[in-house]
Peer 1: 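I'd like to ask you about the structure that follows.
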Amino acid sequence: MRIILLGPPGAGKGTQADMLSKKLFLPHISTGDMLRAVMGSGMELGQKAKAYMDKGQLVPDNIILDIIRDRIGRPDCREGYLLDGFPRTLPQAEALDAMLAANDNAIDVVLNIQVPLELLLERLTGRRGCLQCGTIYHQLYSPTKTEGLCDACGGSLYQRTDDCEASVQKRLEVYEVQTAPLIAYYEKRKTLQFINGNQPAHAVMLELGQVLGLDWEKD
């Protein structure tokens, strides 16, 4: 099964992708993780991607697509995979479909996790990290015992610059602009399924299972 997982920052996409990967025994292919891996591998593709990222530029689509092609062509992807963070734009989606069609393959389902804007803002702006050990907390959902201090090591907590409200608003605006055409694209192909992300993580996972025709109620 070939799956694409869509969802804005703060939708819980990474959490659901990890759980889906384990339940379906499919590799979880995260664009960010994949880029870091290929850049550290010494591969020519990785060096090309690193050259752009070192300049603070976006990695061009043709390089991203070559990296995706290499990854999904490996033996562990023969039975399928879960794409997380790709495609991000309509041209990427069209190029991915063309790449798969060349091998008589296609995306089976696109799962779009929806969460209200105000909840996304709450989730993202409330995150805090420990300067010393890197443990992540949330002011509402997983607060520390002592405000401002890490439970694990006693280090000071900080808020990432991209988690401040202005940055979060911008990230969400960019996502909406990029993703709206993707939603229409996959709706037209009848592969898009909407998932309610405004519920506990376990409930989201059960809904994903129902959409995929799998019963995880007893898990």
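Everything numeric in this text was worked out from a predicted model, so none of it was measured. Heavy-atom basis, side chains included; hydrogens, waters and symmetry copies ignored.
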Peer 1: Hey, what do you get for NE2 (His28) to CG (Asp33), rounding to the nearest 0.5 Å?
Peer 2: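 These two atoms lie 6.5 Å from each other.
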
Peer 1: Any chance you could measure Gln92, atom CD, to Leu83, atom CG, to the nearest 0.5 Å?
Peer 2: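 So the CD of Gln92 and the CG of Leu83 are separated by 11.0 Å.
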
Peer 1: Going by the side-chain contact (heavy atoms from CB on, under 4.5 Å) test, name the single residue among Asn112, Leu192, Val110 that passes it with Glu187.
Peer 2: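 Among the candidates, only Leu192 passes.
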
Peer 1: In the structure I gave you, are the side-chain heavy atoms of Leu157 and Thr144 within less than 4.5 Å of one another anywhere?
Peer 2: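 Yes, side chains in contact.
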
Peer 1: Report, as yes or no, whether the 6.0 Å neighbourhood of atom CD on Gln159 holds more than 12 heavy atoms from other residues, nucleotides or ligands.
Peer 2: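 Above 12, so yes.
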
Peer 1: Are Leu121 and Tyr141 in one and the same hydrophobic cluster, where Ile, Leu, Val, Met, Phe, Trp and Tyr link if side-chain heavy atoms are under 4.5 Å apart?
Peer 2: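 Yes, one cluster joins them.
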
Peer 1: Regarding Gln193 and Tyr186, do their side chains bring together a donor and an acceptor under 3.5 Å, going by distance alone?
Peer 2: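 No pair is found: no donor N or O on one side chain lies under 3.5 Å from an acceptor on the other.
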
Peer 1: Give the C-alpha distance, both sets of side-chain angles, the deciding distance and a yes or no for side chain to side chain contact (heavy atoms under 4.5 Å, CB included) between Gln114 and Asn196.
Peer 2: CA-CA 5 Å; Gln114 296 182 298; Asn196 176 17; over 6 Å; no

Peer 1: Within a 6.0 Å radius of atom CZ on Arg78, are there more than 12 heavy atoms belonging to other residues, nucleotides or ligands?
Peer 2: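 Atom CZ in Arg78 is not crowded, with 12 or fewer foreign heavy atoms closer than 6.0 Å.
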
Peer 1: Check whether the side chains of Glu207 and Gln199 place a donor and an acceptor atom closer than 3.5 Å, and report yes or no.
Peer 2: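 Short answer, yes.
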
Peer 1: Over all heavy atoms of both residues, which pair between Ile107 and Thr191 is shortest? Give the atoms and the distance, please.
Peer 2: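 Looking at all heavy atoms of both residues, the shortest contact is O-CG2, 3.9 Å.
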
Peer 1: To the nearest 0.5 angstrom, please state how far the CG atom of Leu20 sits from the OG1 atom of Thr15.
Peer 2: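 Between Leu20 CG and Thr15 OG1, I get 11.0 Å after rounding to 0.5 Å.
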
Peer 1: Ile3 versus Tyr81: any side-chain heavy-atom pair under 4.5 Å?
Peer 2: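 Ile3 does not reach Tyr81 side chain to side chain.
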
Peer 1: How long is the straight-line distance from CG of Leu206 back to NE2 of His202, given to the nearest 0.5 Å?
Peer 2: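 Reported value, rounded in 0.5 Å steps: 4.0 Å.
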
Peer 1: With Pro8 as reference, evaluate Ile113, Leu120, Val174, Leu117 under the side-chain contact (heavy atoms from CB on, under 4.5 Å) test and give the passing residue.
Peer 2: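 It is Leu120; the other options fail the test.
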
Peer 1: Are Leu124 and Tyr158 grouped together when hydrophobic residues (ILVMFWY) are joined by side-chain heavy atoms under 4.5 angstrom apart?
Peer 2: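 Not linked; separate clusters.
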
Peer 1: State, to 0.1 Å, how close Gly129 and Ile136 come at their nearest heavy-atom pair, and which atoms those are.
Peer 2: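 Nearest pair, atom of Gly129 first, then Ile136: CA-CD1, 3.9 Å.
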
Peer 1: Provide the closest heavy-atom pair for Asp84 versus Lys13 in the form atom of the first, atom of the second, distance.
Peer 2: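 Taking Asp84 first and Lys13 second, the nearest heavy atoms are OD1-CE, 3.1 Å.
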
Peer 1: When hydrophobic residues are tied together by side-chain contacts of less than 4.5 Å, even through go-betweens, does Leu140 share a cluster with Val204?
Peer 2: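 Leu140 and Val204: one cluster.
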
Peer 1: Do Pro9 and Leu172 come close enough that some side-chain heavy atom pair is under 4.5 Å?
Peer 2: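 Pro9 reaches Leu172 side chain to side chain.
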
Peer 1: With a 4.5 Å heavy-atom cut-off, do Ile72 and Leu100 have their side chains touching?
Peer 2: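 Side chain of Ile72 against side chain of Leu100, heavy atoms only: contact under 4.5 Å found.
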
Peer 1: Among the clusters formed by ILVMFWY side chains lying less than 4.5 Å apart, do Leu119 and Met205 turn up in the same one?
Peer 2: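 In one cluster with Leu119: Met205, yes.
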
Peer 1: Quick one: do Leu82 and Leu214 end up in the same hydrophobic cluster if we chain Ile, Leu, Val, Met, Phe, Trp and Tyr together by side-chain heavy atoms under 4.5 Å apart?
Peer 2: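 Per the 4.5 Å side-chain linkage, Leu82 and Leu214 are co-clustered.
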
Peer 1: I want to check a possible cation-pi pair here: Arg171 against Tyr175, using under 6.0 Å from ring centre and within 45° of the ring axis as the test.
Peer 2: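 No, Arg171 does not sit over the ring of Tyr175.
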
Peer 1: Can you check whether Ile29 reaches Cys77 side chain to side chain, under 4.5 Å on heavy atoms?
Peer 2: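 A side-chain contact exists here, since the closest heavy-atom pair is under 4.5 Å.
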
Peer 1: Set out, in order, the CA-CA distance, both residues' side-chain angles and the distance that settles side chain to side chain contact (heavy atoms under 4.5 Å, CB included) for Lys48 and Val59, then state yes or no.
Peer 2: CA-CA 9 Å; Lys48 289 181 180 179; Val59 179; over 6 Å; no

Peer 1: Would you call Ile4 and Val109 a side-chain contact if the rule is heavy atoms closer than 4.5 Å?
Peer 2: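 The answer is no, as the side chains (C-beta and beyond) never meet within the 4.5 Å cut-off.
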
Peer 1: Output all residues satisfying side chain to side chain donor-acceptor pair (under 3.5 Å) with Asn105, sequence neighbours left out; order by chain, then residue number.
Peer 2: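 With sequence neighbours excluded, Asn105 shows a side chain to side chain donor-acceptor pair (under 3.5 Å) to Arg2, given in chain and number order.
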
Peer 1: Under a 4.0 Å threshold between the charged nitrogen and the carboxylate oxygen, would Lys22 count as salt-bridged to Asp18?
Peer 2: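 Looking at Asp18 and Lys22, the cut-off is not met.
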
Peer 1: Take Glu173 and Lys170 through the side chain to side chain contact (heavy atoms under 4.5 Å, CB included) test and state the conclusion after the steps.
Peer 2: CA-CA 5 Å; Glu173 287 171 7; Lys170 181 62 177 176; 4.2 Å; yes

Peer 1: Should we say atom CZ of Phe25 is surrounded by more than 12 heavy atoms from elsewhere, each under 6.0 Å from it?
Peer 2: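 No, because the 6.0 Å sphere around CZ of Phe25 holds 12 heavy atoms or fewer from other groups.
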
Peer 1: Side chains of Ser156 and Cys130, heavy atoms from C-beta outward: is any pair under 4.5 Å?
Peer 2: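 Ser156 vs Cys130: side chains apart.
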
Peer 1: Is a salt bridge present between Arg189 and Asp97, judged by a nitrogen-to-oxygen distance below 4.0 Å?
Peer 2: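 Salt bridge flag = yes for Asp97 with Arg189.
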
Peer 1: Might you work through the side chain to side chain contact (heavy atoms under 4.5 Å, CB included) test for Val211 and Ile195, ending with a clear yes or no?
Peer 2: CA-CA 8 Å; Val211 166; Ile195 305 297; 3.6 Å; yes

Peer 1: Quick one: do the Asp151 and Tyr137 side chains pair a donor with an acceptor below 3.5 Å?
Peer 2: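 Not at all, the side chains of Asp151 and Tyr137 share no donor-acceptor pair under 3.5 Å.
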
Peer 1: Is the backbone of Glu122 close enough, under 3.5 Å, to the side chain of His138 for a donor and an acceptor to pair up by distance?
Peer 2: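 Looks like yes, one N/O pair under 3.5 Å.
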
Peer 1: Could you state the interatomic distance from CG (Asp61) to CZ (Arg88), rounded to the nearest 0.5 Å?
Peer 2: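 Between Asp61 CG and Arg88 CZ, I get 11.5 Å after rounding to 0.5 Å.
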
Peer 1: Quick check: closest heavy atoms across Glu79 and Leu26, and the distance to 0.1 Å?
Peer 2: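 Heavy atoms only, the tightest pair is O-CD2, 3.7 Å.
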
Peer 1: Which heavy-atom pair separates Pro27 from Arg71 by the least distance, and what is that distance?
Peer 2: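 Looking at all heavy atoms of both residues, the closest pair is CB-NH2, 3.8 Å.
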
Peer 1: Does the side chain of Met19 reach to within under 4.5 Å of the side chain of Leu208, using non-hydrogen atoms?
Peer 2: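 SC-SC contact between Met19 and Leu208 ruled out.
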
Peer 1: CD1 of Ile67 to OG1 of Thr31: how many Å apart, nearest 0.5 Å?
Peer 2: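 Answer rounded to 0.5 Å: 9.5 Å.
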
Peer 1: Would you name the heavy atoms of Cys153 and Gln132 that are closest together and state the gap between them?
Peer 2: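 Scanning both residues completely, I find the closest heavy atoms to be SG-CB, 3.8 Å.
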
